[in-house]
Structures are given as C-alpha cells and as structure tokens.
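Got a structure for you, questions after.
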Amino acid sequence: MAKVLTSREENYSQWYNDLVNKADLAQNSAVRGCMVIKPYGYAIWEKMQAALDKMFKDTGHENAYFPLFIPKSFFSKEAAHVEGFAKECAVVTHYRLRTSAAGGVEVDPDAKLEEELIVRPTSETIIWHTYKDWIQSYRDLPLLINQWANVVRWEMRTRLFLRTAEFLWQEGHTAHATRDEAVEEAERMLNVYATFAEEFMAIPVRRGVKSANERFAGAIETYAIEAMMQDGKALQAGTSHFLGQNFAKAFDVKFQNKEGKVEHVWATSWGVSTRLMGALIMTHSDDNGLVLPPNLAPIQVVIVPIYKTQEQYEQLQAAGNNIKKQLQALGISVKFDDRDTQKPGWKFAEYELKGVPVRIALGARDLEQGTVEIARRDTLTKETIPQTDLIARVQFLLDDIQKNIYQKAFDHRAANTRTVETYEEFKRMIDNEGGFIMAHWDGTPETEELIKEETKATIRCIPLDEEAVPGFCMVTGKPSAQRVIFARSY
RNA sequence: CGGGGCAUAGCGCAGCCCGGCUAGCGCAUCUGCUUUGGGAGCAGAGGGUCGUAGGUUCGAAUCCUGCUGCCCCGACCA
C-alpha cells in the first residue's frame, strides 16, 4: 500500500498536520490562525461534548450563555487577569464599514465605538459582572454554571487544534459561600477531567497543581491534567482554577450569610477545549492514520461488502444491513459502506485513516461459509470468525480496543518518565530522551525560570497523584517537598 | 515580532540559476472496456490570466522591486 501520510518518526509536526488534513478533521482557514473544523472532526468533538456535558450535569452544573463581547473596562478590574490576557486580545473598535473610493470597503471612521469591546479570551470578567446581580444571599449559593462557547486568543503562532486563534471550549464558573467549598469544587472538576480523559479518551493523565509561573492569570491555585504525547512532549489537557475571592472583590459580588454578615463569595473556573482533539490525535494515532477510542468514535464499526456480481451485491446488502441492525440495537454506531464507487481496498485504507475501531469485511465467500472477517484498528490484525460469533466479538473488541489503547499510552508514558537527581543529568535527559522528568525543585519561580531558560523545560505540575517524598533541589540544593514533573510542552 | 522557506490545474510537485516554440508530470476528475478478499489496469478527455502590482526586454513562470498570503523554527500561550 502506498504511504499516504508523512512518517511519524521522520517529522512529528508534519505527520500531525498531514493526519489532521487527510483524516478530514480540520484545515487552516482563510482567517489568520483560525481553523475550519470539518464534519468528521466536529462529530468527534460532539461525542466529547456529550460525555463531558453529562458529567457536568451529574455533578450539579447547569449550562448558560454569556456574550462574546466584553467591554474593555471590565478587563482592568482584576489586575493579574488583565496582565495575563492583554497581549492576546482581539478588539472591536468600530461597528460599520463604508465603500471606499477605490471600490472596496473600509472602516467608517465615524462609527468608532466609545468603549472598545474585547472578543472574549475567557469569560470570567463578563460572568462575574453578571453574577453580581444574581447573588445576594447564601441561598443563592452555590452557583454552578457552565458555558459552551468559542473564545479568541490572538496567539503569535498557531497549530491545528492545539493552539488556534479561535477555539471551542467549555468554561465552568462557580460561586461558593466558603473557601473550602470552592477548593473542593476545583478539585472535583479536575477529577472529572481526569476521569473523562482516561475513560473516554483513553489518555492517561497526571493530576497536579501548577507552579506560580504557570498559574492562570487571576487564580490562587491552578489544577491541571497533563498528558504525554507520542513524541514525549507534554500537553496540558485541562485546567481547574481556585480563584479565591479575587473576582468577587474585583466585581463586588457579595452575599449575606446565615448570620446576616456580608461576605465576598469564593470562586472557581475550569475548562477544556478543542485542544483535546489534538491530544486524542497525538496520543493514539499511527502512520496509517487516526486511532479513535471506541467511546468517542463517531463510527464504531464499519461494514465493507466485497462482491463481483450484481447478485452477490444484493445478497451482501441484505446480510450487511442485517448485521448493522443487530449492532445498532445494542447502541453501537455502524456504517455499512455499500458504495459502488469505491473498491474494498480503498475503503479499508480510508477507514483506517479515519480511525474506525472495528471493521467487518463481508464477501461472497463468507456468505457461503457462514464466516466474516473482522479487523481491529489498534493492532491492525484481522481474523475470520463464524457469523454466529460476530455480535459478541464486536462487543468484546470495542471494549478491548478502548482498554488496549489506554494501556499502550500508559506504558509509553511509563517508559518515558524518568527520575533524575542532578541538573547535569536533567539537561542530558531532556535533550536526549525527552518525556517527563521527575526532579526535585526548591519551589521558587527563579529556579523554574532558570531551568526554562536553559532547557526549555517547564514544570508541568506538582503531582497530586503520588506520595510526596522530600529531597533537595537539583539546581540549588535547597530542600524540596516532593518531586515535580518537568517536560517540554506544547 | 525575529530567522528561514514557499507561492505554477482541486491536491502534491517539476520547470526558474542560464528569458525564446503550444507550460509539463503524478494523484484526483470525466468517458469507455476489463476488474473487485488491502488505496485496480488499459485507452482517451477536460481542467492554468504561473499569488499580486509594477519594472527590465523584441519577448518574462523564469531577471529586478514593492505588496500579500501560507508553512517551518524561535519568543508568547490552553
């Protein structure tokens, strides 16, 4: 078979871009840094949305929607927040065009807005401005809201799914009566994300808190899940922030408690984005294309008929539709591709490129012998089994593929997670091996900054999912409470 | 925003250095026949203001200048 994709080993970036294009997930758009998500890519995103949305609702959250535009003045109310986002905001300054002398259109200078509008890079400010009116009493709390939306961040360099100027995401914004409740919420949502990543996306993640340097602008504490891609680089896959009372104070959101005392509320925010699509692609895919976890695959099973004559074609259609119906009755999404315009080999390659977990090939030979060929995408192996075993086998395979690709990713991460004691060793390892490096750090931003300058590695998180064993910083020799995860990242 | 590269058919490219006949190749598309258990074969056909604006020249895809867009590598970031 002719290689359709760039090889992963040769050029990881190119392989990734190529895959996103050829698997028909997305493409660069005419607008700088933005992306067009194509139907197949969007179908995967919809599966993610559905699973996440259910998890949010199961933990007591409701959806709402807030405006795309945020008055500039809102931004200046929380100092750290402004500083963090100021450099990447798209700003609306005018509201009208007019025809120009040259025959095109130009911005009408008379239509200048009195106050510019910021296209939201995140919605904390407009939401907290709104929450001020929604919250008066402890009876109004907790307020647990999620929004599915697009946001814009004017990044200097963009990359399909991983960092686009506009991206789709969900952002949760909650208000609580006490500090403890808010911290608990932030941690709860971190765990929701971790569970989603592991159970649906089949991506093992490390949970932890961010160092001060990497913290969200305006947060007291940022929790994150970090995944390892196949090239050993880290990808931040989701964040959950404990915002303390910063936004409540900035937007004057107060409530009266049971004792009649007026207090500022405590806040969290948390989000995951279409970046998860990038994580999914870079975690599981191979040189034949996408490998999708059955739990998120828009098509879980594809049936390809193989025939010579019209008579065979008709027989196979009946048999194929019958299998399709049985599988659908079990809630499995099936495509029976009986198009006469493409040949079987072409279809095999196509569905591999698109990551369909299970493929059933059904030919005249099978009808005679009562057999069927079934292939799995993760290992690219195929077997011929009796038709009577088919349904059970499909169910087994969907389950097994989900587990297998998780395990594969888990083993890859384990094999590329290394512990180092000295900074010399660290530098050598980050250059030669990559991956996650567990090392001691004295807890200061200065040391982290120095390491970043010299090695391009950052602290991905201070893990919460392992026991803290104290030691001494690899750079300064000062005491360290526990090892942290260093890596180069996307 | 710095450093590199690219722009020629829907996609991928050659041609450019050294200007010259009708601008070419692969994939894709269309037609016909043969095929169909891993991206089919043969025969034929259609499809281009060579990114854009200007300059040099008898003559520009090719040389020169400006502009625009895209990609890669950095800095920034989810």
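Below, chains carry the letters A, B, ... as their sequence lines are ordered, and counting in each starts from 1. Values reported hereafter were calculated over all heavy atoms of this structure, with side chains retained and with hydrogens, waters and symmetry mates removed.
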All N/O pairs under 3.5 Å across the protein-nucleotides 67-71 of chain B interface:
{"residue": "B/C71", "atom": "OP1", "partner": "A/Asn28", "partner atom": "ND2", "Å": "2.8"}

Which residue lies more 5' along RNA chain B, comparing A/Glu350 with A/Glu166 via nearest heavy atoms:
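The answer here is A/Glu350.
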If you look at every strand shown and take non-hydrogen atoms under 4.0 Å, does A/Phe167 touch a base, only sugar-phosphate, or nothing?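 Touches a base.
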**Message:** Which is more 5' along RNA chain B, the nucleotide nearest A/Phe216 or the one nearest A/Phe348? Just name the residue.
**Reply:**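 Closer to the 5' end of RNA chain B: A/Phe348.
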### Query
Between residues 357-377 of chain A and RNA chain B, which residues have a heavy-atom gap below 4.0 Å?
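Contacting residues: A/Arg359, A/Ala361, A/Gly363, A/Ala364, A/Arg365, A/Asp366, A/Glu373.
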Next on the checklist: Counting the atoms with a prime plus P, OP1 and OP2 as sugar-phosphate, which does A/Thr164 contact under 4.0 Å by heavy atoms, base, sugar-phosphate, or nothing?
Outcome noted: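 The residue A/Thr164 makes base contact.
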task = Remember a base hit wins even if backbone is also touched, and classify A/Thr239 as base, sugar-phosphate or nothing at under 4.0 Å, heavy atoms.
result =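 No contact at all - A/Thr239 keeps every heavy atom at 4.0 Å or more from the nucleic acid.
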Subject >> Minimum-distance nucleotide to A/Lys456 side chain [options: B/C76, B/U36, B/G74] >> reply: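 Shortest atom-to-atom distance from the side chain points to B/G74.
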Could you tell me whether A/Arg275 sits above the aromatic face of A/Phe167, with NZ or CZ closer than 6.0 angstrom to the six-membered ring centre and within 45 degrees of the axis?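 No, A/Arg275 does not lie over the aromatic ring of A/Phe167.
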* Asked: Using atom C1' of each nucleotide, how far apart are B/A14 and B/C25 to the nearest Å?
  ->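 Pairwise C1' distance, B/A14 against B/C25, rounds to 7 Å.
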A/His81 and A/Trp128: CA distance, side-chain angles, deciding distance, ring-ring contact (aromatic ring centres under 6.0 Å, His included) verdict:
CA-CA 13 Å; A/His81 191 67; A/Trp128 281 92; over 10 Å; no
key: Quiz item: A/Lys308 side-chain donor-acceptor pair to B/U35 base, under 3.5 Å   =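 Result: no qualifying N/O pair found.
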query: Pairs in or reaching into residues 35-48 of chain A: which pass salt bridge (Lys or Arg N to Asp or Glu O under 4.0 Å), with residues at least two apart or in two chains?
result: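 Of all non-adjacent pairs touching residues 35-48 of chain A, those that pass salt bridge (Lys or Arg N to Asp or Glu O under 4.0 Å) are A/Asp24-A/Lys38.
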**Item:** Cationic N near anionic O, under 4.0 Å, A/Lys324 to A/Asp337
**Value:**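 Salt bridge flag = no for A/Asp337 with A/Lys324.
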task = Would you indicate what A/Gln236 reaches in the nucleic acid, counting non-hydrogen atoms under 4.0 angstrom: base, sugar-phosphate, or nothing?
result =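 Sugar-phosphate: the residue A/Gln236, judged by heavy atoms under 4.0 Å, touches backbone atoms but no base.
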* If you measure from the P atom in B/G20 to the same atom in B/U31, how many Å do you get, rounded? ->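 One P to the other, the span is 39 Å.
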